[in-house]
Amino acid sequence: MITNEYLKRVYDSVEKRDPDQPEFLQAVREVFESLQLVVDKHPEWEKNAIIERFVEPERVITFRVPWVDDNGKVQVNRGYRVQFNSAIGPYKGGLRFHPSVNLSVIKFLGFEQILKNSLTTLPMGGGKGGSDFDPKGKSDAEVMRFCQSFMTELYRHIGQFTDTPAGDIGVGAREVGYMFGQYKKIVDRFEGGVITGKGLTFGGSLARTQATGYGLCYYAAEALSHLANTSFEGKKVIVSGAGNVAQYAAEKCTQLGGTVIAMCDSNGYIYDPDGVDLKKVMDIKQKRRARISVYADEVPGSEYHEGRKGIWTLKCDIAMPCASQNEMDADDVQHLIDNGCMAVFEGANMPLTPEAIEKVLGNGLLYSPGKASNAGGVATSGLEMSQNSIRMSWSFEEVDEKLQGIMKNIFKACYDASVECGEPGNLMLGANVAGFLKVADAMMAQGIV
């Protein structure tokens with residue numbers, strides 16, 4: 001609950017202004033509840049309207065995306081780019097192609113991105129974008145035509161010193177390649193740092209594909225070690241989702257000694273008590289682009305169940321929600337608690353509802369917010385930009401080592417801030433406060449802009 005008068009007044013104005021944006025309001029409320037512990041120490045914030053400016057994007061761009069399908073029919077989608085805050089660097093954040101995309105979703109993601117990017121310590125502001133286009137079921141030619149049309153409008157709003165998009169749900173190497181090619185053609189420059197997640201042959205970074213999932217596990221390992229004196233070794237783990245983040249979180253978790261017993265997609269979940277065969281999952285999802293139900297048809301001893309919500313009823317030690325926002329509610333958390341789960345580490349952006357977070361924290365489970373524990377992806381995007389700037393490529397091991405260092409530093413920043421706020425170990429509080437303080441200092445230094 002927001003009790004601070006200044007924060008409550010700002011939140012009420014945001015709610016009145018954007019009543020139709022539930023995801024954005026949810027993200028703002030969560031951050032404000034944490035900032036209550038520090039806002040009174042900074043009267044200059046209210047005098048300079050820092051909070052009011054923090055919740056209002058610097059720029060919101062919406063545009064039409066017409067394209068032609070393989071049957072020659074003209075289709076029309078809506079594109080978005082929310083350039084939220086550039087106080088500490090150029091706007092940085094992914095592009096999401098999914099039918100659920102709307103302005104509320106993009107604003108919530110952009111808002112979270114400000115704090116996430118701040119925590120990496122790299123000079124990146126916060127932004128996000130995407131479209132309600134669904135790449136599933138589309139041919140490569142259809143995806144290419146859509147991406148080219150999308151970039152034909154977006155190009156005028158981005159640049160390596162202005163706004164540098166990346167991938168997100170529905171936007172992988174294929175989509176990034178098509179968009180970069182169109183950008184290059186339009187501007188007549190090989191501006192490598194304008195978009196990240198590129199292929200290795202044209203400026204991409206080794207370890208970028210693995211970075212979000214690996215980074216999640218590096219952060220989780222730090223939390224387990226420092227706050228519970230344990231590790232992944234011997235733990236049963238549930239990883240929701242079957243996309244890029246989930247696949248590589250499962251891979252690194254396995255390398256660290258855990259056993260992933262379940263994964264899911266939007267249709268249902270698989271359960272494999274012997275440990276999920278990750279090569280099989282990657283073959284199904286990356287090469288065949290098929291449903292995860294195929295796994296149970298091909299792997300003896302495994303099970304497939306319709307409806308992904310049931311995945312949280314399985315007995316596990318660690319839960320890693322890596323699918324989408326608000327995928328885990330209070331009832332799901334209760335199932336985890338009843339089955340002896342000790343930790344929930346977010347791989348997706350805001351995958352727990354507010355009620356779920358309250359129940360997790362109230363029952364003493366280890367918990368990390370996505371803005372901290374899934375920051376490895378954007379951190380490695382920042383490393384890709386660095387490599388593009390110096391015209392060099394680092395080895396997988398070099399990038400992975402830098403990623404591990406960044407995730408350890410993010411954990412330390414979150415933990416130290418939680419201690420300073422009087423709630424040691426509350427990593428959500430720590431992430432919000434540590435991320436915001438850096439942005440607020442930069443905004444104060446740059447005047448009323």
Side-chain angles (χ1 to χ4, degrees), residues 94 116 120 166-169 172 197 207-225 230-266 269-272 275-286 292 295 308 311-312 314 316-325 327-328 336 341-352 365-381 396 399-400 403-404 406-408 410-411 427:
K116 182 188 301 187
T120 69
D168 194 77
I169 293 173
R208 175 60 188 91
T209 304
Q210 296 86 350
T212 308
Y214 278 22
L216 168 62
C217 292
Y218 295 146
Y219 185 100
E222 286 294 294
L224 289 168
S225 174
T230 188
S231 69
F232 275 104
E233 191 68 40
K235 302 292 191 300
K236 291 185 177 181
V237 184
I238 294 174
V239 179
S240 69
N244 174 273
V245 179
Q247 290 173 30
Y248 290 105
E251 182 175 81
K252 180 55 65 175
C253 164
T254 303
Q255 291 173 6
L256 294 174
T259 300
V260 177
I261 60 169
M263 298 180 73
C264 69
D265 61 16
S266 56
Y269 69 94
I270 55 168
Y271 170 60
D272 191 336
V276 172
D277 181 341
L278 297 175
K279 288 184 178 180
K280 177 66 70 174
V281 171
M282 291 178 180
D283 175 65
I284 291 169
K285 286 297 178 180
Q286 293 181 16
I292 204 165
Y295 182 95
R308 70 181 187 183
I311 195 172
W312 305 120
L314 300 171
C316 71
D317 301 301
I318 298 171
M320 290 182 157
C322 296
S324 62
Q325 68 265 15
E327 63 173 283
M328 185 186 290
L336 293 174
C341 181
M342 64 172 295
V344 178
F345 299 117
E346 292 187 347
N349 292 301
M350 206 168 72
L352 270 67
L365 277 69
L366 281 182
Y367 167 69
S368 71
K371 65 173 65 73
S373 50
N374 81 5
V378 73
T380 307
S381 281
F396 186 100
V399 177
D400 192 44
L403 171 62
Q404 289 185 58
I406 289 170
M407 298 312 297
K408 288 180 178 180
I410 292 175
F411 171 79
L427 300 177

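Numbers for residues simply follow the sequence, beginning at 1. Atoms considered below: every heavy atom in the structure, side chains included; atoms not considered: hydrogens, waters and symmetry mates.
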Test your reading of the model: is there a side-chain donor-acceptor pair from [X] to the backbone of [Y], 3.5 Å cut-off?
X: N374; Y: E346; value: no
X: Q247; Y: A242; value: yes
X: S225; Y: A221; value: no
X: T259; Y: G275; value: no
X: D265; Y: I292; value: yes

Is any side-chain heavy atom of [Y] closer than 4.5 Å to one of [X]?
X: D317; Y: K236; answer: yes
X: M263; Y: L278; answer: yes
X: P321; Y: L352; answer: yes
X: L366; Y: F345; answer: yes

*Could you give me the CA-CA distance, side-chain angles and deciding distance for E222 and Y219, then say whether side chain to side chain contact (heavy atoms under 4.5 Å, CB included) is met?*
CA-CA 5 Å; E222 286 294 294; Y219 185 100; 5.8 Å; no
Quick one: [atom1] on [X] to [atom2] on [Y], what's the gap to the nearest 0.5 Å?
X: I284; Y: K279; atom1: CD1; atom2: NZ; answer: 14.5 Å
X: N349; Y: K371; atom1: CG; atom2: NZ; answer: 9.0 Å
X: C217; Y: Q255; atom1: SG; atom2: CD; answer: 9.0 Å
X: M342; Y: K235; atom1: CE; atom2: NZ; answer: 6.0 Å
X: C264; Y: I311; atom1: SG; atom2: CD1; answer: 4.0 Å
X: T380; Y: I406; atom1: OG1; atom2: CD1; answer: 6.5 Å

*Over-ring placement of K252 relative to Y214, 6.0 Å and 45° cut-offs*: yes
Over all atoms of both residues, closest heavy-atom pair of [X] and [Y]:
X: G197; Y: R208; answer: CA-CG, 4.2 Å
X: A223; Y: L427; answer: CB-CD1, 4.3 Å
X: G215; Y: L403; answer: N-CD2, 4.1 Å
X: G347; Y: C322; answer: CA-SG, 3.8 Å
X: Y295; Y: D272; answer: OH-OD2, 2.6 Å
X: A348; Y: E327; answer: CB-OE2, 4.2 Å

*Could you go step by step and tell me if L224 and I318 meet the side chain to side chain contact (heavy atoms under 4.5 Å, CB included) rule?*
CA-CA 10 Å; L224 289 168; I318 298 171; 3.9 Å; yes
*Does one side chain, of R308 or S266, offer a donor that lies under 3.5 Å from an acceptor on the other?*
no
*What do the steps show when you test I238 against W312 for side chain to side chain contact (heavy atoms under 4.5 Å, CB included), and what is the final call?*
CA-CA 8 Å; I238 294 174; W312 305 120; 3.6 Å; yes
